[in-house]
Every structure is written in C-alpha cells, then in structure tokens.
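These notes are about the structure you will find just below.
Chain identifiers are assigned alphabetically (A, B, ...) following the order of the sequence lines, protein sequences preceding nucleic acid strands; residue numbering begins at 1 within each chain.
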Amino acid sequence: MNILQTLRDRFALALADFTDDPQTFAAMVRPAQGAKFGDYQANCAMPLAKVHGTNPRELAASIVSKLDLSDLCDAPEVAGPGFINLSLQDDWLWEQSQSLASDLRLGVPATEQPRNIVVDFSSPNVAKPMHVGHLRSTVIGDALSRILRFLGHQVTTDNHIGDWGTQFGMIIYGYKQFLDEQAYADQPVAELARLYRLVNQLSDYHAAIEKLPILEQRVHEQRELLSDAEAVEQPDKGHKKRLKSLRADLAVATESIETTKRNIAAVESDPQLMQLANDHPNIARGARDETAKLHAGDVENTQLWEQFMPQCLNALDAVYDRLGIHFDLTLGESHYQPMLANVVADLKAKGLATESDGAMCVFIAGNDAPFIVQKADGAFNYATTDLATIRYRVEELAADTMLYVVDSRQGEHFKLLFATAEKWGYTPEMQHIKFGTVMGKDRKPYKTRSGDTVGLESLLDEAVAKAYEIAAANDDAKPDGPELDEQTRQEIAEVMGIGGIKYADLHINRESDYVFDWDTMLNMKGDTATYMQYAYARTRGILRRGEIDPEVLRNGEATLQFSHEAERQLALKLCQFPEAVAAAAEESRPNLLTQYLFETAGEFSTFYEHCPVLKEEDESLRLSRCLLVDLTGRVIQQGLELLGIQTCEQM
RNA sequence: GCCCCGGUAGCUCAGUUGGAUAGAGCAUUGGUCUUCUAAACCAAGGGUCGCAGGUUCGAAUCCUGCCCGGGGUGCCA
C-alpha cells in the first residue's frame with residue numbers, strides 16, 4: 001500500500017466540499033518535515049484559505065472535521081498557520097509492516113494502467129570504446145527500465161547504437177591502408193579502435209595545418225577589436241558586456257589555436273606518424289568516400305562492415321555483461337537506413353518538409369532553426385533516423401510511450417523531433433529524459449590529461465581494485481578473524497565496485513551537471529552503494545548467526561511491536577518503499593529511490609546500535625526485531641535491484 | 001545576437017514544485033569495539049541559498065533587472 005497516496009485519496013474526499021479541484025490540494029499532503037510534526041503533514045489549508053479569503057486555521061479545523069482517517073491515524077492536529085499534522089497509529093503500522101512479510105512486492109502495487117514503453121538509452125558508437133560519458137545514459141536508463149517493469153509496465157529496452165556513420169568510413173579506410181594483421185588476429189576490436197584513432201588523428205592533422213593560419217588571423221582580428229573597444233573613452237551601457245564577450249571570444253580562439261598546435265605537434269614529433277600523414281594528404285576525404293560507398297551498397301565495404309559489426313557488438317556486450325545490463329533490442333542506425341528515403345518522401349507528400357537552401361526542412365513554429373531531415377548533398381542525418389525510429393516503434397512495437405535517456409545538450413533536437421513526429425501523425429508520449437554533463441575538476445567535460453576520455457573498462461577495473469582493498473582490510477579486521485575466502489572477496493569487490501560507480505551516477509539529480517572525481521566515485525563511506533550493501537549484509541548476518549529461517553519467520557507467529565523509537569522509525573520507512581518507487585518512476589528520477597534507500601539504511605543502522613536482536617531476552621520482542629531485520633534486508637535488496645545494483649550475503 | 005540550464009556549508013550535492021528552525025555525504029574536531037560486522041554509530045563546528053528589487057500570511061523555490069559559469073544555436077550525432 002502506498003500510504004501517501006491513501007492519505008491523499010482521503011483528503012481528496014474531504015476537500016470536495018471546499019474546492020472544485022480536490023486533487024491539487026490533496027497533493028499537498030507530504031511526509032512530515034520532522035518527527036515533531038508527526039509522520040505526514042497536509043499543507044492545503046493555507047492556500048485554500050487564500051482562495052476563499054477565510055482564516056486558514058479555521059479552515060484547517062473544518063477540513064479535519066470532514067476527514068475520515070480514524071482507522072489509520074491518531075486525531076489530526078492543526079499547527080502553526082494551518083498545517084494539519086498526521087500521526088499513524090502504532091497498531092496500524094504494525095499491521096502494515098507485518099503484511100509486507102508475506103508480500104513478494106513489498107507493498108508496491110502493480111500499475112492499473114500498464115503502458116508499452118520503449119526506453120532508449122546508452123546508444124554508444126560501436127566503432128569507439130565506451131568511456132565515462134556513456135555511463136550516465138546507460139546506468140540511468142537501466143534503472144528506469146527496471147523500475148517501470150517492476151511497476152508492471154511492458155518495457156522494451158533498445159540500444160540505438162551508432163553503427164552506420166562516418167566513423168565506419170574511418171575504420172574501413174584504416175583497415176585498407178594501415179591494418180596490422182597480427183594485431184587484428186589477436187585482438188580485433190583493439191586493432192579496429194587503433195585504426196579509428198589513427199585515421200582520426202591524421203585527418204585532424206591535415207585539418208589543423210589548413211586551419212591554423214585562419215585561426216591565427218582570427219585571433220589577430222579579435223585582438224584588434226578588443227583593443228579598440230578597450231580604448232573607447234565614453235563607454236555606453238552595453239560596453240562592459242561587449243568587452244567581456246570579446247575577451248571570451250579571444251580566449252576561445254586562443255585555446256583553439258593551442259589545441260590545433262598540439263594536434264600538429266603530436267604528429268610531427270613522431271617520424272612514423274609524419275610519414276603516414278605525408279603519404280595520406282587526403283585522408284579525410286578518403287574516409288568520407290568509404291562511408292559514402294558503404295551507404296551506396298558497395299560490395300567490399302558492406303562485407304567489411306558485416307565483418308566488423310559482430311566483433312564490435314561482442315566488445316560492447318562484454319561491458320554490458322559486467323554492468324549487468326541487458327537490452328531487449330539493439331536496433332542501430334543501420335537498421336533504419338532502408339527506411340529513410342521513404343520518411344522524407346512521406347514528409348514531403350504531406351507538405352511538412354520543404355526545401356530551404358538546398359536542404360529538406362521541417363519548420364516548427366516558434367523555432368528559428370529548421371529541423372533538417374535531408375542535407376543539401378542528399379544524405380540523411382540523425383533527424384531522419386530518429387523519425388524513422390519513432391514510426392517503427394509505434395507501428396512495429398506498438399509503443400505508446402518512448403523515453404530517451406540522452407544528454408540534455410540535445411534538448412533542442414528532441415524538441416523539434418517530437419514536434420515533427422506529432423505533425424507527422426505519430427503521437428505517443430515522448431519524453432527526453434535529460435541528464436547533465438559529466439565534468440572534470442576544471443568544469444569542462446571530463447577528459448584525462450592527454451585529452452582522451454577515460455575508458456569505461458579501466459574505470460570499472462579501478463573501482464573493483466579499490467573495493468577489493470577495502471573489503472579485504474575490513475575482513476582482516478573482524479573481531480573473530482577473517483571470514484571470507486579469496487574468491488568470495490573478489491566477488492564482493494566486483495559487486496561493491498560496480499555498484500559504487502552506478503550509485504555515484506544515480507544518486508545525483510539527473511539534470512545537474514556534475515563533477516567527476518575518482519575519490520568521490522570510488523569512496524565507500526557515507527552515502528554510497530557500499531553503505532546499503534553493508535546494511536543488507538548485516539541483516540543477513542543476524543539471521544544467519546541466529547540460525548533463523550526467513551521463510552519460517554515470515555509465516556510464523558511473530559508479531560511486530562515497538563519498544564524503542566528506532567523500531568517505529570524503521571518500520572515507517574519500510575512501509576514507505578512504495579512511495580519511493582512511485583516517485584522515482586513518476587519523475588523518471590532514480591535519485592528519489594537512492595535517497596530513500598540511504599535513509600532506510602540509516603534507520604537500520606540506528607536500530608542496529610540501539611536494539612540488540614539475538615541478545616534480546618524477551619522472545620516476542622526478539623522475534624519482532626527479527627521480522628524487522630528480515631524486512632529491511634528485503635527492501636534494501638529489492639531497492640538496489642531496481643537500480644541495477646547487487647548485494648552480497650556477507651561482506 | 002537569440003535560446004536553454006545552473007550559482008545552496010571548505011569540497012561534492014539534496015531540497016518532495018510556495019510551507020514550520022535550509023539538509024546530507026566528504027573533509028575537520030571530539031566520543032563509542034570483552035556485547036548480533038566500527039564499511040557503523042553519537043556529537044560539534046561550518047550558510048548573506050550569486051546580487052538587488054518585487055509578489056504574500058510565508059520565497060532557496062514564483063516575477064523583473066543585473067553579475068558569474070556551462071551548453072545549444074541551418075546541413076556532426
């Protein structure tokens with residue numbers, strides 16, 4: 001049962017006498033700010049009194065008189081300017097908690113309106129190794145999928161991989177020109193990644209050589225503009241702002257020159273690279289041509305593509321396996337490629353797409369930028385693919401909801417995409433589940449010192465290695481000596497390390513940018529996955545030491561009782577699990593669930609300190625505490641599972 | 001130029017859509033292992049919620065202006 005929802009429903013009934021819109025005001029029932037205000041509080045009397053022009057305290061009293069909560073709450077209290085404070089009855093809370101003991105869903109009701117939801121997340125480029133930038137989409141998308149599925153929705157996870165773009169032209173070019181056959185035989189994916197980087201680097205080099213004089217000229221001009229502006233004697237209103245913007249432009253241009261120079265130096269300082277660069281002056285065009293040939297159905301390139309794809313997909317799967325993430329579908333760009341011409345033709349036929357500067361565009365009122373569905377050179381772009389994808393998901397997958405877990409920087413693209421799809425006649429619920437950028441400590445998108453992004457696998461390895469040290473040190477320090485064998489320690493390290501990384505991404509409000517920090521991410525103290533995993537392991541440890549069979553306990557004669565405040569607080573938290581799951585799903589925000597789990601584990605830790613379980617002499621109280629312990633373990637485990645985080649029986 | 005997002009404790013972040021004395025974690029300082037795992041617990045210090053106005057019973061939250069940072073902005077995804 002969702003207690004919060006139940007209370008709101010009761011309020012809605014009572015409020016019908018006071019307003020035409022009882023739902024809105026009933027939604028102002030919330031968990032109480034602090035224990036001194038009871039368990040829940042209703043804040044609806046004040047705004048409602050404003051509408052009526054009456055006294056809020058008196059109105060609160062009238063609402064209370066209409067309210068029927070006698071089966072679950074003590075008498076409501078009106079406090080302060082008109083708050084209505086609610087306290088759940090202890091015996092009702094016992095019954096509630098106890099009913100969870102035999103409930104596999106831990107009180108979470110299955111949805112009454114199941115939807116057919118496609119969750120689109122992760123979506124890496126298969127030609128490049130995954131890096132930290134892919135983590136947020138992957139981890140958040142997986143968590144949301146698990147939560148929605150648990151709530152009873154039909155969820156299809158779809159990895160919309162980049163498997164058809166220019167990066168494949170680079171690989172094909174590299175394969176034809178630079179292949180190290182031995183390396184390819186040994187580790188094909190690593191060799192393909194090397195080829196990609198090499199072609200990329202050489203293209204950048206030539207572009208840099210061409211670009212440098214232009215950049216230098218631009219910096220020169222910007223310097224002059226700036227010094228002219230600085231020399232103005234009678235500055236007007238916008239002067240300071242213009243100066244600032246000029247300085248910013250100059251800084252950007254200067255930095256761009258430095259980057260360009262570094263790219264040049266990286267090649268020129270290496271005789272082998274220099275040789276390659278000289279031998280392939282038109283490498284960028286060459287790579288583009290390979291892409292074009294692939295797209296045109298060239299036999300050789302198609303064969304190469306078919307040869308590379310399984311290897312690239314295997315490499316991705318290795319990472320997903322380790323993360324415990326599964327996709328129902330992996331339909332990338334290539335899957336939609338045959339449908340693109342028809343998409344544009346249809347948009348044209350319906351009068352939605354028109355030509356502008358040679359490109360086919362859909363114009364959406366209120367937006368300056370057009371939505372370009374076919375470039376002037378005739379090629380299709382990701383807008384075309386995304387439209388084809390929507391049509392496919394509606395017509396073939398019968399999706400009524402689509403969630404796109406994608407970086408918030410693509411907000412405008414999705415705004416135009418959704419608007420275009422709707423004009424086109426596809427009107428499922430479409431949401432851009434946006435998340436902020438991962439930044440380095442310099443507040444710029446995260447890179448290593450060399451300028452490369454951090455590989456995902458090395459990040460996982462590092463986290464697991466660190467977790468192993470901590471797990472081993474803690475096991476060694478146990479009062480009765482170590483308990484874990486080597487293999488178990490490694491399993492624990494894997495669960496802690498991977499869980500920690502996921503948690504680090506999930507516990508932040510997804511819309512904030514956040515600063516990536518090894519120490520924060522690998523930390524295992526405080527508000528981390530380890531804290532919850534440890535609490536879970538402790539619950540299991542108690543039952544194990546007490547030789548208590550959970551099945552027997554759950555179906556036995558034990559009844560809950562509260563002898564200490566910590567027991568009541570814990571029981572209340574456990575009963576609020578459905579609220580946390582519902583809130584996380586409603587707002588597509590896993591951090592609402594992590595926050596709940598952290599609080600639950602915190603209540604358990606307090607309980608653990610104050611309420612001995614196995615040593616309690618009163619048998620009925622001991623069994624009551626055992627029930628709480630078992631229930632806590634189940635809630636934490638289930639909650640973590642919904643986040644894609646595993647647990648261990650012993651740590 | 002236009003558009004979007006952000007600015008909360010030394011650091012990293014919450015803040016339930018306008019509610020009661022602004023909260024966590026890390027870091028710092030002190031206390032707690034002969035008692036079910038000290039990966040924990042208890043306590044302390046730490047704040048001009050970017051700045052200035054406004055709206056009202058009540059503002060970190062809504063409105064206006066300004067300052068600072070990030071991002072996007074017609075053919076990359």
What's the NZ-P distance between A/Lys128 and B/C76, to the nearest Å? 15 Å
With sugar-phosphate meaning primed atoms plus P, OP1 and OP2, does A/Glu333 contact a base, only sugar-phosphate, or nothing at under 4.0 Å between heavy atoms? sugar-phosphate
Mind telling me if B/U28 is syn or anti? Syn here is a glycosidic angle within 90° of 0. anti
Side-chain N,O (A/Arg538) to OP1/OP2 (B/A39) below 4.0 Å: no
Searching all strands shown, indicate the nucleotide that pairs with B/A40 (Watson-Crick or G-U wobble; both distances under 3.5 Å). B/U32
Would you please indicate if the ring centroids of A/Phe11 and A/Phe25 are separated by under 6.0 Å? no
Within the 4.0 Å heavy-atom criterion, would you say A/Asp357 contacts the bases, only the backbone, or no part of the nucleic acid? base
Is the shortest side-chain N/O distance from A/Arg545 to OP1 or OP2 of B/U37 below 4.0 Å? yes
With a 3.5 angstrom cut-off on both distances, give the Watson-Crick or G-U wobble partner of B/G6, or none if there isn't one. B/C68
Would you indicate whether A/Glu77, at its atom CD, is surrounded by more than 12 heavy atoms from other residues, nucleotides or ligands within a distance under 6.0 Å? no
If you compare every side-chain N and O of A/Arg589 against the phosphate oxygens of B/G15 (OP1, OP2), does one of them come in below 4.0 Å? yes
Given the P atoms of B/G31 and B/U17, what is the spacing between them in whole Å? 42 Å
If we require ring centres under 5.5 Å and near-parallel planes under 30°, does A/Tyr534 stack on B/A40? no
Rounded to the Å, how far apart are A/Glu649 CD and B/U37 C1'? 14 Å
Please determine if a side-chain N or O atom of A/Asn474 lies less than 4.0 Å away from the OP1 or OP2 oxygen of B/U37. no
Base, sugar-phosphate or nothing for A/Ala537? Non-hydrogen atoms, less than 4.0 Å. base
Just to confirm, is there a sub-4.0 Å distance from OP1 or OP2 of B/C41 to any side-chain nitrogen or oxygen of A/Tyr531? yes
Strictly by Watson-Crick or wobble contacts shorter than 3.5 Å, is anything paired with B/G53, and which nucleotide is it? B/C63
Check whether the ring centres of A/His432 and A/Phe418 lie less than 6.0 Å apart, and answer yes or no. no
Euclidean distance for P, B/U56 against B/A9 (whole angstrom): 30 Å
Could you tell me whether A/Arg30 sits above the aromatic face of A/Tyr40, with NZ or CZ closer than 6.0 angstrom to the six-membered ring centre and within 45 degrees of the axis? no
So, is B/C33 syn or anti if syn means the angle is within 90° of 0? syn
Check whether the aromatic ring of A/Phe83 stacks on the base of B/G19, taking stacking as ring centres less than 5.5 Å apart and planes within 30° of each other. no
Tell me yes or no: between the side chains of A/Ser563 and A/Arg625, is some donor less than 3.5 Å from an acceptor? yes
Phosphate-side-chain proximity, A/Thr166 and B/A77, N/O vs OP1/OP2 below 4.0 Å: no
